[in-house]
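Atoms within each ligand, like the ligands themselves, are counted from 1 in listed order.
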Amino acid sequence: MNIRKISIGSDHGGFEYKDVIKNFLTNEGYEVIDEGTYSKESCDYPEIAKQVAKKVSTGEVSRGILICGSGIGMSIAANKVKGIRAALCSETTSARLSREHNNSNVLCMGQRLIGETMAVEIVKVWLNTEFSGGRHQNRIDMIE
Ligand code: RB5
């Protein structure tokens, strides 16, 4: 799967990591669509989550990354959008498993809960792990 196009978003609680990850992805050659927020001013995470999730859902981009303070609000909101399998990850094993077993298409993280280096490592693992398919696909089919 060509995952060169990624939509990214955060609220004020994830603003700094959004920029860090955006720079990382751009340096790696990904095309990044930044859905905001664009300042540290307080804003509402559900709006950003929906914007990113809809782009993934329609196929405009192949993956989405969302960051808020805890990652929880973003993951709850993103998972309301049809076809979205958003995984909230705080370490790399969950990121890997969310790809292998759940074919996650949106990654959520909490800036207030994990270090910057860990956030980038999670992104690397998440982007470079393939879905295992097989019995896992059958289970995903049962979700929708
Ligand atoms: C904002 O203060 C905070 O609630 C938000 O970033 C997020 O953690 C929500 O789940």
Query raised in the report: Hey, what else clusters with Ile76 if you join Ile, Leu, Val, Met, Phe, Trp, Tyr whenever side-chain heavy atoms sit under 4.5 Å?
Result: Ile72, Leu88
For ligand 1, which of its N or O atoms have a protein N or O partner closer than 3.5 Å, and how long is each gap?
{"unit_1": "ligand 1", "atom_1": "2 (O)", "unit_2": "Arg112", "atom_2": "NH1", "d": "3.3"}
{"unit_1": "ligand 1", "atom_1": "6 (O)", "unit_2": "Asp11", "atom_2": "OD1", "d": "3.4"}
{"unit_1": "ligand 1", "atom_1": "6 (O)", "unit_2": "Asp11", "atom_2": "OD2", "d": "2.6"}
{"unit_1": "ligand 1", "atom_1": "6 (O)", "unit_2": "Gly69", "atom_2": "N", "d": "2.8"}
{"unit_1": "ligand 1", "atom_1": "8 (O)", "unit_2": "Gly69", "atom_2": "N", "d": "3.3"}
{"unit_1": "ligand 1", "atom_1": "8 (O)", "unit_2": "Ser70", "atom_2": "N", "d": "2.9"}
{"unit_1": "ligand 1", "atom_1": "8 (O)", "unit_2": "Ser70", "atom_2": "OG", "d": "3.1"}
{"unit_1": "ligand 1", "atom_1": "10 (O)", "unit_2": "Ser70", "atom_2": "OG", "d": "3.3"}
{"unit_1": "ligand 1", "atom_1": "10 (O)", "unit_2": "Gly73", "atom_2": "N", "d": "2.9"}

**Report entry** Check: Lys54 main-chain N/O paired with Thr58 side-chain donor or acceptor under 3.5 Å
**Finding:** yes
Requested in this report: Before giving the answer on salt bridge (charged side-chain N to carboxylate O under 4.0 Å, His left out), spell out for Lys40 and Glu16 the whole-Å C-alpha distance, their side-chain angles and the decisive distance to 0.1 Å.
Outcome: CA-CA 8 Å; Lys40 286 182 185 174; Glu16 283 98 345; 3.2 Å; yes
**Report entry** Ion pair check, Glu28 and Lys124, cut-off under 4.0 Å
**Finding:** no
Report task. Would you indicate whether the side-chain heavy atoms of Tyr45 and His12 approach each other to under 4.5 Å? Result -> no
Report task. Output yes when a side-chain donor or acceptor of Ser75 lies under 3.5 Å from a complementary backbone atom of Ala87, and no otherwise. Result -> no
